[in-house]
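Below, each value reflects all heavy atoms present in this structure, side chains not excepted, and no hydrogens, waters or symmetry copies. Naming: A, B, ... by sequence-line order, numbering from 1 per chain.
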Amino acid sequence: MLIKTGVLTGNSPRVSVFSRNKQVLRLFCSSDACYTAPSIDTVLDLVSKQHWSKLKTLLQRTSSNTLLQKLLSSGADPELILRYLNWSHKKLNLWHTLDLTLTLLHSLANAKKYSKIRSFLDNLVRHDKSFSISSLFHSLSMCNGGICANSIIVDMLVYAFVKNLKFDLAFEAFKRAGDYGFKLSVLSCNPLLKGLVTESGIGKMEFMYHEMIRRRIEPNLISFNIVVNGLCKAGKLNKASDIMKDMEARAISPNVRTYNTLIDGYCKMGRIGKMYKADAILNRMVANGIHPDEITFNILIDGFCKDQNVSGAMKVFGEMQGQGLNPNVVTYNSLINGLCSDGKLNEAIGLRDSMLCSGLKPNVVTYNALINGFCKKKMVKEAIELFDDITRQGIVPNVITFNTLIDAFCKHNRMEDAFALRNQMLDRGVLPDVFTYNCLIAGRCREGNLDAAKKLLEEMESKDLRADLVTYNILMDALCKKGESRKAARLLDGISEKGLNPSHLSYNKLIEGYCSEGNLRAALNVKTRMEKERRRANIVTYNVLIKGFCKERKLEQANRLLNELLEKNLIPNRTTYDIVKEEMMEKGFVPDIEGHLYSIWSCS
DNA sequence: TTAGGGTTAG
């Protein structure tokens with residue numbers, strides 16, 4: 001077919017394919033002047049009867065492009081021609097030019113044989129490794145197929161890219177389609193929007209949404225729900241609310257999924273009072289006549305649990321049942337995880353038993369939460385027993401099960417056991433991921449064995465696993481603790497070079513490192529740098545710096561930093577209070593923070 | 001024919 005030769009790509013193979021075909025033709029003409037090409041009717045008859053071996057013998061001396069050209073101009077059933085094309089590619093490894101292939105696709109579009117185009121393009125995309133969208137679109141626009149047929153083909157091509165997880169190509173095709181005036185539909189745009197949410201930054205999804213509106217590709221309810229979900233997952237809740245206004249303007253009413261998505265967004269926002277906001281959306285939903293479903297309740301229950309309010313979650317659990325809605329495995333898993341995080345392991349196990357009583361089967365997520373609960377309570381022996389128990393029951397441990405236990409071993413200085421478990425997961429066909437390596441790297445760092453940690457970093461990268469922000473923060477922390485803050489600073493530079501955004505934690509660790517080395521100037525420079533890189537110093541940054549200055553007996557400067565954080569409306573926390581008390585006041589220094597003393601003391 | 005919920009690391 002076209003792809004393997006590069007005909008579609010417009011690269012150098014284009015020349016080789018054409019010259020090859022010409023050579024083949026010349027050879028036939030000179031060696032056998034008496035050769036008569038088979039009639040189109042004969043070819044079509046053999047194709048329809050699927051007499052492939054006869055056809056193969058008959059076509060031995062025929063140019064595939066010439067034959068396809070004749071078939072197309074004969075007005076034969078395009079489905080039959082497609083059958084020939086698929087066979088010639090698969091069995092004879094014969095290639096055809098881009099223009100001829102597109103002509104066939106046009107015929108199929110005009111005959112409304114859409115499923116045939118879909119599967120052809122799917123096959124094309126699946127096997128292609130060097131696809132040039134611009135050459136394809138150019139040829140398509142030059143063909144006489146009509147804008148409608150072209151749009152259908154391009155729409156299906158975008159869908160084929162998405163289906164084969166080639167999101168970059170799908171996105172490029174979407175953008176180019178606009179340049180050529182091919183009009184896409186929600187059938188391809190919605191899957192691509194969703195792909196962009198999960199695959200890359202939210203920026204591309206936002207661009208695509210606005211571009212859809214500009215190009216008058218009318219988003220439907222599903223498009224809006226995908227966009228709301230993407231924005232919520234990216235923490236852009238205000239923008240998600242704006243989308244609700246866009247829906248209103250287009251007379252599209254949000255449904256239970258829209259509201260659930262938004263409620264979930266607020267639940268996961270991680271701010272004080274988030275559950276009040278989530279509750280406000282719930283009230284708006286009910287006022288608009290949309291009834292909460294099982295998923296709404298699950299979202300709220302999980303929200304309360306993550307807010308460390310398991311009793312609130314239990315109330316919602318009761319209300320859910322009161323409304324005649326049945327809790328499912330997800331409901332119980334959220335509650336069990338909430339109880340485990342709260343250290344209430346017996347209650348969590350009790351809930352697992354209630355699950356069984358009500359006919360629900362706990363799954364690997366349930367047990368991962370329980371195993372994690374044991375690990376966090378330093379009950380590693382019990383965690384392992386549970387692991388063995390569920391394995392015997394036939395529950396297949398996943399990468400999270402292994403990571404949880406590996407982390408527990410690492411934190412208990414049992415590195416041998418951690419690596420043995422890593423080998424066990426490999427034996428069971430569970431591949432270690434970045435989490436696994438981060439746990440192991442952190443374990444090696446805790447031992448003070450930075451060389452072994454770096455070896456693990458190399459090993460993970462050799463397995464195509466990219467180190468993430470957590471990996472770098474672990475390594476920076478280890479270097480700082482070893483008194484090698486300058487090396488940690490170089491690692492911080494490396495984070496940005498790898499296209500990752502250093503977090504507050506990254507900067508704060510380095511500031512802490514410099515402070516513990518007494519290099520206060522370097523620590524302040526890091527603070528200036530983080531502010532330049534639009535990462536506002538937070539309360540931890542100030543606590544670390546104030547403590548650093550206090551340790552070096554530079555109390556006036558520490559006092560200035562204290563005033564600075566208050567001027568920036570940052571709220572002092574318990575640590576701030578302890579530093580002020582122990583490092584300043586108990587040493588006879590009264591901080592000059594008039595007017596703000598109350599907020600400092602109120603933290604106690 | 002495409003949209004929403006639960007488990008792990010710094």
Side-chain angles (χ1 to χ4, degrees), chain A residues 159 162-163 185-195 197-198 219-230 232-233 254-265 267-268 285 292-303 305-306 313 320 327-338 340-341 348 362-373 375-376 383 397-408 410-411 418 432-443 445-446 467-478 480 502-506 508-509:
Chain A
Y159 182 70
V162 176
K163 211 176 146 203
S185 77
V186 285
L187 291 175
S188 69
C189 289
N190 287 351
L192 178 54
L193 273 174
K194 180 156 166 61
V197 170
T198 48
N220 62 11
L221 178 59
I222 294 168
S223 327
F224 284 115
N225 285 350
I226 296 168
V227 174
V228 168
N229 183 42
C232 284
K233 293 284 181 290
N255 66 359
V256 65
R257 289 186 182 208
T258 327
Y259 284 109
N260 284 350
T261 308
L262 206 58
I263 292 171
D264 189 52
C267 284
K268 292 194 170 59
M285 168 180 179
D293 63 6
E294 281 91 348
I295 295 180
T296 323
F297 281 101
N298 286 351
I299 290 166
L300 289 167
I301 287 168
D302 194 60
C305 286
K306 296 276 165 33
M320 174 182 191
N328 59 16
V329 181
V330 178
T331 326
Y332 280 99
N333 286 350
S334 288
L335 285 166
I336 288 171
N337 189 48
C340 285
S341 304
N363 61 12
V364 68
V365 180
T366 323
Y367 287 108
N368 284 347
L370 286 167
I371 289 170
N372 188 40
C375 290
K376 291 291 173 295
N398 63 13
V399 67
I400 297 176
T401 326
F402 285 106
N403 289 346
T404 308
L405 288 167
I406 286 172
D407 187 50
C410 289
K411 284 189 174 130
D433 60 9
V434 183
F435 268 80
T436 324
Y437 277 97
N438 285 347
C439 295
L440 292 168
I441 289 170
C445 287
R446 268 183 230 109
D468 64 6
L469 200 55
V470 178
T471 324
Y472 287 109
N473 286 344
I474 292 166
L475 291 168
M476 278 181 65
D477 183 53
C480 288
S503 62
H504 276 107
L505 201 68
S506 324
N508 291 344
K509 283 210 181 292

Check every strand shown and say whether [X] touches a base, only sugar-phosphate, or nothing at a heavy-atom separation below 4.0 Å.
{"X": "A/Ile295", "answer": "base"}
{"X": "A/Asp264", "answer": "sugar-phosphate"}
{"X": "A/Val228", "answer": "nothing"}
{"X": "A/Leu469", "answer": "base"}
{"X": "A/Leu505", "answer": "base"}
{"X": "A/Ser503", "answer": "base"}
{"X": "A/Lys163", "answer": "nothing"}

To the nearest angstrom, how far is [X] atom [atom1] from [N] atom [atom2]?
{"X": "A/Asn438", "N": "B/dG10", "atom1": "CG", "atom2": "C1'", "answer": "7 Å"}
{"X": "A/Leu221", "N": "B/dT1", "atom1": "CG", "atom2": "C1'", "answer": "13 Å"}
{"X": "A/Asn403", "N": "B/dG10", "atom1": "CG", "atom2": "P", "answer": "12 Å"}
{"X": "A/Ile474", "N": "B/dG10", "atom1": "CD1", "atom2": "P", "answer": "7 Å"}
{"X": "A/Phe224", "N": "B/dA3", "atom1": "CZ", "atom2": "P", "answer": "17 Å"}
{"X": "A/Phe402", "N": "B/dA9", "atom1": "CZ", "atom2": "C1'", "answer": "17 Å"}
{"X": "A/Arg446", "N": "B/dA9", "atom1": "CZ", "atom2": "P", "answer": "11 Å"}
{"X": "A/Leu192", "N": "B/dT1", "atom1": "CG", "atom2": "C1'", "answer": "17 Å"}

key: Base B/dA3 to side chain A/Asn190, donor-acceptor N/O within 3.5 Å cut-off   =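 No, no donor-acceptor pair under 3.5 Å.
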
Would you say the side-chain atoms of [X] and [Y] include a donor-acceptor pair closer than 3.5 Å?
{"X": "A/Asn372", "Y": "A/Asp407", "answer": "no"}
{"X": "A/Thr258", "Y": "A/Thr261", "answer": "no"}
{"X": "A/Asn229", "Y": "A/Asp264", "answer": "no"}
{"X": "A/Ser334", "Y": "A/Asn337", "answer": "no"}

Where [X] and [Y] come nearest, the two heavy atoms and their spacing:
{"X": "A/Ile301", "Y": "A/Ala313", "value": "O-CB, 3.6 Å"}
{"X": "A/Leu187", "Y": "A/Tyr159", "value": "O-CD1, 3.8 Å"}
{"X": "A/Thr404", "Y": "A/Ile400", "value": "OG1-O, 2.6 Å"}

Look at the side chain of [X] and decide which nucleotide, out of [options], has an atom nearest to it.
{"X": "A/Tyr159", "options": "B/dA3, B/dT1, B/dT7", "value": "B/dT1"}
{"X": "A/Asp468", "options": "B/dG10, B/dT7, B/dA9", "value": "B/dA9"}
{"X": "A/Asn225", "options": "B/dA9, B/dG10, B/dA3", "value": "B/dA3"}
{"X": "A/Lys411", "options": "B/dT7, B/dA3, B/dG10", "value": "B/dG10"}
{"X": "A/Arg257", "options": "B/dA3, B/dT1, B/dT8", "value": "B/dA3"}
{"X": "A/Leu187", "options": "B/dA3, B/dA9, B/dT1", "value": "B/dT1"}
{"X": "A/Ile222", "options": "B/dG10, B/dT7, B/dA3", "value": "B/dA3"}
{"X": "A/Lys509", "options": "B/dG10, B/dT1, B/dT8", "value": "B/dG10"}
{"X": "A/Asn255", "options": "B/dT7, B/dA9, B/dA3", "value": "B/dA3"}
{"X": "A/Asn337", "options": "B/dT7, B/dA3, B/dG10", "value": "B/dT7"}

Margin query: Looking at B/dT1, I'd like to know if its phosphate oxygens (OP1 or OP2) sit under 4.0 Å from a side-chain N or O belonging to A/Lys194.
Written below: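 So the side-chain polar atoms of A/Lys194 never come under 4.0 Å of the phosphate oxygens OP1 or OP2 of B/dT1.
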
_Please determine whether a side-chain nitrogen or oxygen atom of A/Asn372 lies at a distance below 4.0 Å from atom OP1 or OP2 of B/dT8._
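For B/dT8, OP1/OP2 do have a side-chain N/O of A/Asn372 under 4.0 Å.
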
